Asker: 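Sharing a structure here in structure tokens format.
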Amino acid sequence: MTYMKTLKSKLLSLLVAAMCVAAFPACDDSFSDSAETSSELNVSISRPEEAADARVISETLTARNVSSGREQQYNTITGIQLLPGLYDLTYEAELELASGAHSTLRAAATSVQVTGSSTSVKLEGYNNIESDDLIIAEVFFAGTTRNSGNQYNGDDYVKLYNNTDHVIYADGITLFESKFTTTDKYEHSPNIMNEAMNVQALYTVPGSGKDHPVQPGEYFLICDTGIDHRVANPNSFDLSGADFEWYDESTNPSNFDIDSPLVPNMDKWYCYTLSFWVLHNRGFKAYGIARIPVGRDEYLKHYTYHYDWIIVSAAGTFPMTADSYKLPNEWIVDVVTCSVESKYAWNLCAPQLDCGWTHCGTIDQDKTRYFHSVRRKMLRLNEDGNPVLKDTNNSTADFNPDCVASEIEIQGTAMSADGTLCTTVTYDGVTPVDRALSPNWPKSSRK
């Protein structure tokens with residue numbers, strides 16, 4: 001009797017196991033400890049000179065499977081077992097320098113192909129050094145819609161912020177857009193990403209150096225068209241009080257830009273379009289600010305970028321060539337990379353500038369993206385009631401995605417196509433404003 005019970009128990013266990021396999025034939029956790037089916041990933045980190053002899057206090061490597069989106073963290077960089085596939089790798093370590101000071105070392109690589117029995121990859125590490133300049137606090141690229149649901153153009157904007165404890169002058173700050181998109185990875189040559197970014201639009205704040213002060217905790221608003229957009233679209237908001245607008249003299253008679261008399265123009269250095277520039281309303285670009293130490297004419301003469309690239313399609317493979325401009329990495333102050341999960345392919349700059357990405361919407365042409373922006377996260381409030389914003393050069397970690405745009409919150413305007421008014425004001429798209437602690441927030445440099 002005991003033998004029969006044992007046999008029945010074993011048969012039942014085998015049956016249950018077989019049913020589980022049949023029910024979940026395609027189950028894949030994207031990570032494995034099995035040496036028979038996985039590849040050993042060995043990671044090495046190159047350190048900057050100032051951290052060459054530093055002691056590692058703790059370290060974390062995060063491996064994200066690009067196909068499944070699954071993530072796994074490891075407290076080592078050797079002997080890691082992964083199933084073959086495409087991975088995004090991010091590394092962070094707390095270091096103790098020879099001086100006794102602590103710093104954070106970061107490194108990243110996207111689209112790392114893990115194959116065979118062993119895969120080795122070398123990541124270029126960098127210390128996290130806080131910027132002593134303005135940072136990008138918000139990018140509103142999705143725009144608004146009319147009551148009909150049709151998209152409205154012209155109310156996109158970028159907000160900069162003084163995250164320091166002293167005045168910073170916006171004079172000379174250049175707003176730029178990447179040439180490549182984050183949704184199409186191009187095999188191109190020469191690849192200059194570790195030296196410069198490939199850019200296609202540059203607009204600079206004019207001034208003699210101290211004409212446009214931005215006090216600690218103040219915002220600096222740069223917009224597409226500085227008008228009250230509610231006149232043309234009741235679902236939009238007022239940008240007639242912006243600090244600056246970018247304006248283009250169109251050569252296309254059917255597409256003219258609007259030059260607002262209420263808001264001064266930025267100096268246009270270059271833009272690819274023959275009509276007028278708008279931010280990519282699905283968020284497939286990287287946006288940044290830079291301090292360019294040369295004049296416009298010298299830049300346009302000496303910083304051209306000619307490259308070869310390949311289109312691969314069902315119709316065949318087609319070699320192409322293109323020309324644009326390059327922006328040296330050492331001139332770049334801040335970068336925000338945007339994409340959508342369903343189409344994200346790669347980052348468009350060196351990881352020390354940005355090793356992540358953020359979004360509005362999750363799929364291409366996502367209609368939920370309208371009225372929303374990406375907004376930098378708040379870490380805390382300082383003693384003056386000003387938000388201290390997060391800045392680790394990682395847009396994934398630093399930004400809240402899919403937020404109601406700050407100007408919609410501040411002005412209490414429509415936050416959807418049906419005209420529903422916004423009644424909540426937040427510091428960062430998530431954290432509600434505490435008026436007892438921040439009675440004067442938001443603070444604007446607009447006079």
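Just so we're clear, the structure is a prediction, and the values are computed from it rather than from any experiment.
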Asker: Which heavy atom in Ala286 sits nearest to a heavy atom in Val335, and how many Å separate them?
Answerer: CB-CG1, 4.2 Å
Asker: Between Leu95 and Val56, is any pair of side-chain heavy atoms under 4.5 Å apart?
Answerer: yes
Asker: Return yes if some donor-acceptor pair links the side-chain N/O of Thr182 with the main-chain N/O of Cys338 below 3.5 Å, else return no.
Answerer: yes
Asker: How close do Ala142 and Arg369 get, heavy atom to heavy atom, and via which atoms?
Answerer: CB-O, 3.2 Å
Asker: Atom CG of Asn235 and atom OH of Tyr152: how far apart are they, to the nearest 0.5 Å?
Answerer: 11.0 Å
Asker: Looking at side-chain heavy atoms only, is the closest gap between Leu379 and Leu389 below 4.5 Å?
Answerer: no
Asker: Determine yes or no for a side-chain-to-main-chain donor-acceptor pair under 3.5 angstrom, with Arg47 supplying the side chain and Ala51 the backbone.
Answerer: yes
Asker: Considering all heavy atoms of both residues, which atom of Ala290 and which atom of Leu327 are nearest to each other, and what is their separation?
Answerer: CB-CD2, 3.8 Å
Asker: So, using ring pair (Phe, Tyr, Trp, His ring centres under 6.0 Å) as the criterion, who are the partners of His372 when residues are at least two apart?
Answerer: none
Asker: Working to the nearest 0.5 angstrom, can you tell me the gap between Gln200 CD and Thr273 OG1?
Answerer: 9.5 Å
Asker: Tell me, with the steps shown, if Asp211 and Ser208 meet side-chain hydrogen bond (donor to acceptor under 3.5 Å, both in side chains).
Answerer: CA-CA 6 Å; Asp211 292 336; Ser208 61; 3.1 Å; yes
Asker: Residues two or more places apart in sequence or in another chain: which of them pass ring pair (Phe, Tyr, Trp, His ring centres under 6.0 Å) with Tyr305?
Answerer: Tyr307
Asker: Do any pairs count as a salt bridge (charged side-chain N to carboxylate O under 4.0 Å, His left out) and have a residue in residues 401-413, sequence neighbours left out, and if so which ones?
Answerer: Lys159-Glu407, Arg375-Glu409, Glu407-Arg446
Asker: What do the steps show when you test Asp259 against Asn265 for side-chain hydrogen bond (donor to acceptor under 3.5 Å, both in side chains), and what is the final call?
Answerer: CA-CA 8 Å; Asp259 187 4; Asn265 294 334; 3.2 Å; yes
Asker: Going by the ring-ring contact (aromatic ring centres under 6.0 Å, His included) test, name the single residue among Phe176, Trp269, Trp277 that passes it with Tyr203.
Answerer: Trp277
Asker: Please, which pairs that meet salt bridge (charged side-chain N to carboxylate O under 4.0 Å, His left out) have at least one residue in residues 342-359, sequence neighbours excluded?
Answerer: none
Asker: Show me the pairs that pass salt bridge (charged side-chain N to carboxylate O under 4.0 Å, His left out) and involve residues 270-295, at least two apart or across chains.
Answerer: Asp133-Arg291, Arg282-Asp364
Asker: Hey, what do you get for NZ (Lys268) to CZ (Arg296), rounding to the nearest 0.5 Å?
Answerer: 9.0 Å
Asker: Say whether Gln151 and Asn153, considering side chains only, have a donor N or O and an acceptor N or O under 3.5 Å apart.
Answerer: yes
Asker: I need the minimum non-hydrogen distance between Ala201 and Cys271, along with the two atoms involved.
Answerer: CB-SG, 3.9 Å
Asker: Rounded to the nearest 0.5 Å, what's the gap from OG1 on Thr204 to OH on Tyr299? Could you check?
Answerer: 9.5 Å
Asker: What residues form a side chain to side chain contact (heavy atoms under 4.5 Å, CB included) with Ser58, not counting sequence neighbours?
Answerer: Glu94
Asker: Just by modelled atom types, is the Arg435 backbone N or O under 3.5 Å from a matching donor or acceptor in the Trp441 side chain?
Answerer: no
Asker: Verify the distance criterion only: is there a donor paired with an acceptor across the side chains of Glu138 and Ser373 at less than 3.5 Å?
Answerer: yes
Asker: Under 3.5 Å, is there a donor-acceptor pair between the side chain of Thr358 and the main chain of Val374?
Answerer: no
Asker: Main chain of Gln72, side chain of Arg64: is a donor-acceptor contact present, judged purely on distance under 3.5 Å?
Answerer: no
Asker: Please check this pair: side chain of Ser260 against backbone of Gly226, looking for a donor-acceptor N/O pair closer than 3.5 Å.
Answerer: yes
Asker: Checking side-chain polar atoms at under 3.5 Å, does Ser39 have a donor or acceptor matched by the opposite partner on Thr119?
Answerer: yes
Asker: Residues two or more places apart in sequence or in another chain: which of them pass side chain to side chain contact (heavy atoms under 4.5 Å, CB included) with Lys377?
Answerer: Lys390, Asn400, Asp428
Asker: Treating Ser148 as the side-chain partner and Asn150 as the backbone partner, does any N or O pair qualify as donor plus acceptor under 3.5 Å?
Answerer: yes
Asker: Hey, could you give me the CG/OG distance between Asn382 and Ser438, rounded to the nearest 0.5 Å?
Answerer: 8.5 Å
Asker: Would you check if the side chain of Asn162 reaches a backbone N or O of Val214 as a donor-acceptor pair within less than 3.5 Å?
Answerer: yes
Asker: Taking Ser339 as the fixed residue, which of Thr183, Asn347, Thr181 is the one that meets the side chain to side chain contact (heavy atoms under 4.5 Å, CB included) rule?
Answerer: Thr183
Asker: Please examine the side chains of Phe220 and Ile289, heavy atoms only from C-beta on, and report whether any two atoms are closer than 4.5 Å.
Answerer: no
Asker: Any side-chain hydrogen bond (donor to acceptor under 3.5 Å, both in side chains) involving residues 185-195? Give me the pairs, sequence neighbours left out, ordered by first then second residue.
Answerer: none
Asker: A side-chain contact here means heavy atoms from C-beta on lying under 4.5 Å apart; do Tyr169 and His212 qualify?
Answerer: no
Asker: Are the side chains of Val66 and Asp88 in touch, meaning some heavy atoms are under 4.5 Å apart?
Answerer: yes
Asker: Are Tyr287 and Val139 packed together at the side-chain level, in the sense that at least one heavy-atom pair is separated by less than 4.5 angstrom?
Answerer: yes
Asker: Around Gln215, counting heavy atoms of other residues, nucleotides and ligands shown, do more than 12 lie under 6.0 Å from its CD?
Answerer: yes
Asker: If you compare all heavy atoms of Thr104 against all heavy atoms of Arg106, which two are closest, and at what distance to 0.1 Å?
Answerer: CG2-NH1, 3.5 Å
Asker: Classify the ring geometry between Tyr157 and Phe237 as parallel (under 30°), tilted (30 to 60°) or perpendicular (over 60°).
Answerer: perpendicular
Asker: Suppose we screen for side chain to side chain contact (heavy atoms under 4.5 Å, CB included). Which residues come up paired with Thr304, at least two apart in sequence or across chains?
Answerer: Tyr325
Asker: Apply ring pair (Phe, Tyr, Trp, His ring centres under 6.0 Å) to Phe284 and list each qualifying residue two or more places apart in sequence or on a separate chain.
Answerer: His280
Asker: Tell me the salt bridge (charged side-chain N to carboxylate O under 4.0 Å, His left out) pairs involving residues 165-176, sequence neighbours left out?
Answerer: none
Asker: Taking only residues two or more places apart in sequence or in another chain, which ones pass side chain to side chain contact (heavy atoms under 4.5 Å, CB included) with Val43?
Answerer: Leu41, Ile45, Leu61, Ile77, Val121, Leu123
Asker: Ignoring hydrogens and geometry, is there a side-chain-to-backbone donor-acceptor pair from Asn65 to Ser67 under 3.5 Å?
Answerer: yes
Asker: For Pro387 versus Tyr161, what's the shortest heavy-atom pair and its separation?
Answerer: O-OH, 2.6 Å
Asker: Is the shortest side-chain N to carboxylate O distance from Lys443 to Glu218 below 4.0 Å?
Answerer: no
Asker: Please tell me whether Trp331 and Tyr303 form a close aromatic pair, meaning their ring centres lie under 6.0 Å apart.
Answerer: yes
Asker: Are Asp155 and Phe140 close enough that some pair of their side-chain heavy atoms sits under 4.5 Å apart?
Answerer: yes
Asker: Could you give the distance from OG (Ser416) to OH (Tyr370), rounded to the nearest 0.5 Å?
Answerer: 14.0 Å
Asker: Does Ser240 offer a backbone N or O that forms a donor-acceptor pair with the side chain of Asp238 under 3.5 Å?
Answerer: yes
Asker: Could you check if a side-chain atom of Ser46 sits within less than 4.5 angstrom of a side-chain atom of Lys122, using non-hydrogen atoms only?
Answerer: yes
